[in-house]
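Computed from a prediction, not measured in an experiment: that's the story for all the values here. Atoms considered below: every heavy atom in the structure, side chains included; atoms not considered: hydrogens, waters and symmetry mates. Along the sequence shown, residues are numbered consecutively beginning with 1.
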Amino acid sequence: MKDEILVENETKEDAGKETVSKNFIEQIIEKDISEGHCGAITTRFPPEPNGYLHIGHAKSILLNYGLAQKYGGKFNLRFDDTNPTKEKTEFVESIIADVKWLGGDFEDRLFFASNYFEQMYEAAVKLIKKGKAYVCELTADQIREYRGTLTEPGKNSPYRERSVEENLRLFEEMKDGKYEDGSKVLRAKIDMASPNINMRDPIIYRIARMHHHNTGDKWCIYPMYDFAHPIEDAIEGITHSICTLEFEDHRPLYDWVVEEVGYENPPKQIEFAKLYLTNVITGKRYIKRLVEEGIVDGWDDPRLVSISALRRRGFTPESIKMFMELCGVSKSNSSVDYAMLEYCIREDLKLKKSRVMAVLDPIKLVITNYPEGQVEYVEVPNNQENEEMGTRQVPFCRELYIDREDFMIEPPKKYFRLYPGNEVRLMHAYFVACTDYITDETGKVTEVHCTYDPETKSGSGFTGRKVKGTIHWVAQPTAVKAEVRLYENIVDEEKGVYNEDGSLNLNPNSITVLKECFVEPGVENAKAYDSFQFLRHGYFCVDAKDSEPGHLVFNRIVSLKSSYKPV
């Protein structure tokens, strides 16, 4: 991850050189290295496999991987799979694909917390032997009651002073399945009067007979996240455990666990602010409901901001990295406008992608004085802003398709496109003048008639007269039929994401499907994830789920224009 990812450059006047400020995480790491607390660093991305990753997770992936790259260290991918009730192999596979797609190279370091269950059990036994953990039989409600409040200390469990021998026996019997789910827990013995509620004898193991995607039915007790996570980091030799701000209050417990269990060179937890995007849905519970109710067609529906949805829609890893660079890293929570993400994908694609002609709402245009049966080819640049992409030959003939919005019978002022008596240029081809049109019984225009001037061919040097309008077109005989999907925000932006009752404010017009679209013939062999700029319409990507040979489906990634300006 480049240094300029996070803050503006500052000029060093005396040296005349540009120097780059470092974010607070980099400052901590460099201090640790300089003071000998660690050598090469090791970071990790530790998702729970209970859903698909979203844009916020991309920040953590790129941050952790970027830090490892910058300081010559290692980056691990580890699944925190300690809660089998919500975990699926499907989620494991999707997360691996997402991390690889973003460029997070974990090499052969793919780990599962469940692979350490034996070591976690041994760590719990060690705490019991030290008098630092005990088996408690209070109910969940009683534990909450005994915990106290933010202003009042908690009170000790009546089971807190059990002997080491009794706790060892009970904990082993918990492991052996002798007790009902929820009847007993293992708690750390810390301080029920601590001002930090997380330190008031937290639960570190519970009984739960659940089938685990990785360990099957081997275990009927499972460690709690706050106990398991620091152990996982310590086992893997993580030097800096980078996590989001909500874990700041958990850091004393994190440090307590690695210290009491006795790990040398324990990892250091550092918190940073989450990424919040305006008017998007990231909550797994809400996305799950949208999927189950058929409002979206899966976790990768292009209206969502899961990483798989962004990939399917046509966003690129480079655009997401650019977005994260603009967002930066801080200790303060803030929201980012979704328009910034759209700006990044436009910037990434504008010099990379071919610009092709596509007609999304077609009407036929007939050039009445063009020879019937004749086809000629006009030379078209693949990208007007990038000459290195070269040119292509596009067929032109008597009968074409144009977009309906490019013709009006009675145009308003300053309408420079086609109308009776007006002359425009057909992009990369000839001037045409409208002579007539045909409507159906409802008055809808079905066909426009024009004549062309052979001397006005684009590139011929013609200067006899000028026209104010240029419209795009597709030759009818060679046009490739396609389905095009236009997306808007799935959230009603005026009302915000949530209603007062917690339900979602959904935009009923979040998707428009156009079945009768036509694209120039150069795209007929486009494959999943191939993307293009459709001139005047925006950037479009071949849908990876529904597109197939003979039935092309394009998703609009983003329109061409935006009011967003980067700061």
Can you tell me if [X] uses its side chain to pair, donor with acceptor, with the backbone of [Y] under 3.5 Å?
{"X": "Asp403", "Y": "Asp361", "value": "yes"}
{"X": "His428", "Y": "Ser458", "value": "no"}
{"X": "Ser531", "Y": "Phe540", "value": "no"}
{"X": "Thr446", "Y": "Ile438", "value": "yes"}
{"X": "Ser319", "Y": "Ile345", "value": "no"}
{"X": "Glu520", "Y": "Met357", "value": "yes"}
{"X": "Asn422", "Y": "Arg417", "value": "yes"}
{"X": "Lys457", "Y": "Val378", "value": "no"}
{"X": "Asn507", "Y": "Asn489", "value": "yes"}
{"X": "Glu93", "Y": "Glu90", "value": "no"}

Shortest non-hydrogen contact from [X] to [Y]?
{"X": "Val92", "Y": "Phe79", "answer": "O-CZ, 3.5 Å"}
{"X": "Lys352", "Y": "Met389", "answer": "O-CE, 3.3 Å"}
{"X": "Ile25", "Y": "Val329", "answer": "CD1-CG1, 4.0 Å"}
{"X": "Lys561", "Y": "Arg346", "answer": "O-NH2, 3.1 Å"}

Inter- and intrachain pairs under ring-ring contact (aromatic ring centres under 6.0 Å, His included), touching residues 279-304, at least two apart: Tyr52-Trp299, Phe91-Trp299, Tyr286-Tyr498
Sub-4.5 Å side-chain heavy-atom contact between Gln533 and Leu560: yes
Rounded to the nearest 0.5 Å, what's the gap from [atom1] on [X] to [atom2] on [Y]? Could you check?
{"X": "Phe554", "Y": "Ser547", "atom1": "CZ", "atom2": "OG", "answer": "7.0 Å"}
{"X": "Lys527", "Y": "Leu552", "atom1": "NZ", "atom2": "CG", "answer": "11.5 Å"}
{"X": "Lys444", "Y": "Thr439", "atom1": "NZ", "atom2": "OG1", "answer": "12.0 Å"}

Side chains of [X] and [Y]: do they bring a donor and an acceptor to under 3.5 Å?
{"X": "Arg109", "Y": "Asn76", "value": "yes"}
{"X": "Asn555", "Y": "Arg313", "value": "no"}
{"X": "His57", "Y": "Asp98", "value": "no"}
{"X": "Tyr338", "Y": "Asn279", "value": "no"}
{"X": "Tyr370", "Y": "Glu376", "value": "yes"}

Stepwise salt bridge (charged side-chain N to carboxylate O under 4.0 Å, His left out) check, Glu385 with Lys350: CA-CA 8 Å; Glu385 294 185 64; Lys350 69 180 182 180; 5.0 Å; no
Residues which pass side chain to side chain donor-acceptor pair (under 3.5 Å) with Glu447, listed by chain and number, not counting sequence neighbours: His449
Cationic N near anionic O, under 4.0 Å, Asp406 to Arg536: yes
Salt bridge Asp546-Arg312, side-chain N to carboxylate O under 4.0 Å: yes
Lys274/Glu246 under salt bridge (charged side-chain N to carboxylate O under 4.0 Å, His left out): CA gap, chis, key distance, verdict: CA-CA 9 Å; Lys274 272 186 174 181; Glu246 70 266 30; 3.3 Å; yes
